[in-house]
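Side-chain atoms are counted along with the backbone in the values below, which use heavy atoms only and exclude waters and symmetry mates. By convention in this document, chain letters (A, B, ...) are assigned in the order of the sequence lines, proteins followed by strands, and residues within each chain are numbered from 1. This structure is a prediction, so every number in the text was calculated from the model and none was measured.
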2 protein chains.
Amino acid sequence: MAGMALGKNYDGQSCALASALEVIGERWTLLIVRDALYGVRRFGDFQAHLDIPKAVLSQRLSTLVEAGVLERRRYQETPPRDEYVVTPVGQELWLPVLALAQWGERHLSTRGPHRLFHHVTCGGRLEPTSYCRTCGGLVTLDEVEMRPGPGLAGDTRQDQVSLALRTPHRMLDPIP
Amino acid sequence: MAGMALGKNYDGQSCALASALEVIGERWTLLIVRDALYGVRRFGDFQAHLDIPKAVLSQRLSTLVEAGVLERRRYQETPPRDEYVVTPVGQELWLPVLALAQWGERHLSTRGPHRLFHHVTCGGRLEPTSYCRTCGGLVTLDEVEMRPGPGLAGDTRQDQVSLALRTPHRMLDPIP
DNA sequence: TAACACGGTTCGGTGAATGAACTAACATGG
DNA sequence: CCATGTTAGTTCATTCACCGAACCGTGTTA
């Protein structure tokens with residue numbers, strides 16, 4: 001993605017997804033996060049693995065450090081060398097990364113899954129799910145209702161969609 | 001994101017995440033999908049709600065239709081009007097969208113959540129989780145091991161990271 | 001018959017991505 | 001002591017995507 005660093009962002013969307021995309025929605029960023037979750041830490045390793053222009057990598061790493069996703073850490077003094085380590089905030093991106101990757105595996109992959117993720121304690125395969133805190137069941141989209149929350153307070157948009165979404169709404173129900 | 005439509009893509013990444021990002025990783029695309037999951041269907045509604053340039057919206061909708069995420073459907077003949085409806089493949093993007101939005105709520109939101117997602121049958125709040133198929137437990141990143149799968153067969157990369165990731169690897173363990 | 005609505009396409013200007021070249025700090029080998 | 005190499009960048013010219021405004025075609029309404 002482009003134009004998000006200075007001024008041209010998703011402002012006015014009143015949506016946490018838009019905020020998230022301002023941090024991790026630019027080109028290359030989520031692949032950098034994925035590599036960092038694998039354990040890649042050094043500038044040169046990111047660059048060699050991703051085939052990304054150095055200037056872009058440098059800028060993305062700075063953005064991620066600023067957003068609290070990565071932490072820049074001096075690991076030796078002579079010569080001075082820094083590494084980029086995933087913070088707890090960055091570790092929580094594991095779920096969206098896994099969910100997106102598995103969507104790609106299911107619908108865009110040809111020769112079967114590229115990488116499998118297993119639970120170390122029992123060896124079972126991982127699955128990302130959306131589950132219900134109250135009844136504990138797995139929930140599919142047709143059982144989901146959106147309700148406006150307190151963060152929507154400052155939303156002044158007047159288009160039909162924004163108006164409709166300020167009241168509870170069943171997912172996939174046509175708007176308006 | 002930029003440069004993904006013609007030739008300049010994430011090729012050589014041997015990764016389902018990269019494939020997924022080629023479809024839904026461009027600027028605005030995931031916000032369009034989110035709106036479509038809410039039930040937005042018409043060109044003008046997307047445009048009014050997102051404040052997106054028409055040319056970009058037009059191109060993104062075409063890409064999403066081509067990828068099988070949306071279906072373009074004639075809903076009236078005079079005047080001829082089409083709508084864009086989420087396919088089952090697109091509905092499966094619900095989980096990554098929810099996971100990303102909740103990450104944004106937790107770490108980037110100021111006034112509390114913008115939108116809450118509830119289970120219609122019991123009213124409980126939704127939570128995206130990564131869970132283990134075998135033991136049924138919820139799994140955090142430090143309990144995850146990556147193992148190479150059959151789709152990795154054609155991978156000929158020789159950098160240190162690619163070599164290390166062709167063998168089972170505990171997440172967050174430093175590479176190389 | 002004129003104005004309007006919808007769903008786009010076309011166009012010029014701006015800014016980001018790209019690859020190649022260059023820099024700086026230090027290490028290593030002869 | 002000097003040449004070469006490694007790491008982590010920065011600088012630069014070119015290319016390309018995003019942007020907003022204007023325009024277009026079809027059909028509808030006043």
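Remark: A:Arg27 is in phosphate contact with C:dT18, judged by side-chain N or O atoms under 4.0 Å from OP1 or OP2. Within the 4.0 Å cut-off from OP1 or OP2 of C:dG8, at least one side-chain nitrogen or oxygen of B:Arg72 is found. Applying the 4.0 Å criterion to OP1 and OP2 of C:dG8, one finds that B:Arg81 has every side-chain N and O outside that range. Between C:dG8 and B:Tyr84, a contact under 4.0 Å exists linking OP1 or OP2 to a side-chain N or O. For B:Trp28 and D:dC19, the shortest distance from a side-chain N or O to OP1 or OP2 is below 4.0 Å. Using a 4.0 Å cut-off, some side-chain N or O of A:Gln59 falls inside it from OP1 or OP2 of C:dA17. An OP1 or OP2 oxygen of D:dA8 is reached within less than 4.0 angstrom by no side-chain nitrogen or oxygen of A:Ser58. A close approach under 4.0 Å does occur between a side-chain nitrogen or oxygen of B:Thr78 and OP1 or OP2 of D:dT28. OP1 or OP2 of C:dA17 has at least one side-chain nitrogen or oxygen of A:Arg60 nearer than 4.0 Å.
For the pair B:Arg42 and B:Glu83, the salt-bridge criterion is not met [side-chain N within less than 4.0 Å of a carboxylate O]. Salt bridge A:Asp155/A:Arg157: absent, no basic N to carboxylate O contact under 4.0 Å. Salt bridge annotation for B:Glu127-A:Arg133: present, with a cationic side-chain nitrogen under 4.0 angstrom from a carboxylate oxygen. We find that A:Glu145 and A:Arg147 are joined by a salt bridge, their nearest charged nitrogen and carboxylate oxygen being less than 4.0 Å apart.
Within a 6.0 Å sphere centred on CD of B:Gln76, heavy atoms belonging to other residues, nucleotides or ligands number more than 12.
Here C:dA17 is the nucleotide among C:dG7, C:dA17, C:dT10 with the atom lying nearest to any side-chain atom of A:Val56. Comparing atom distances between the A:Pro79 side chain and each of C:dC26, D:dG27, C:dG7 picks out C:dC26 as nearest.
In this structure, the CZ atom of A:Arg74 is 12 Å from the C1' atom of C:dC26, given to the nearest Å. Straight-line distance from the CG atom of A:Asp51 to the C1' atom of C:dG19: 12 Å, rounded to whole Å. Rounded to an integer number of Å, the gap from A:Gln47 CD to C:dG19 P is 10 Å. Note: CG (B:Leu61) to P (C:dG8) measures 7 Å, nearest angstrom. When the P atom of C:dA17 is taken as reference, atom CG of A:Leu50 falls 15 Å away, rounded to whole Å. Summarising the geometry, the separation between NZ on A:Lys54 and P on D:dT11 is reported as 14 Å, rounded to the nearest angstrom. The distance between atom CD1 of B:Ile52 and atom C1' of C:dG8, rounded to the nearest whole Å, is 13 Å. Between the CG atom of B:Asp82 and the P atom of C:dG8 there is a distance of 7 Å, rounded to whole Å.
Residue-to-nucleotide proximity on DNA chain D shows that, of B:Pro80 and A:Gly44, the 5′-proximal contact is made by A:Gly44. With the nearest nucleotide of DNA chain C identified for both B:Ala55 and B:Asp45, B:Asp45 has the one nearer the 5' end.
Aromatic ring centroids of B:Trp28 and B:Phe46 lie 6.0 Å or more apart.
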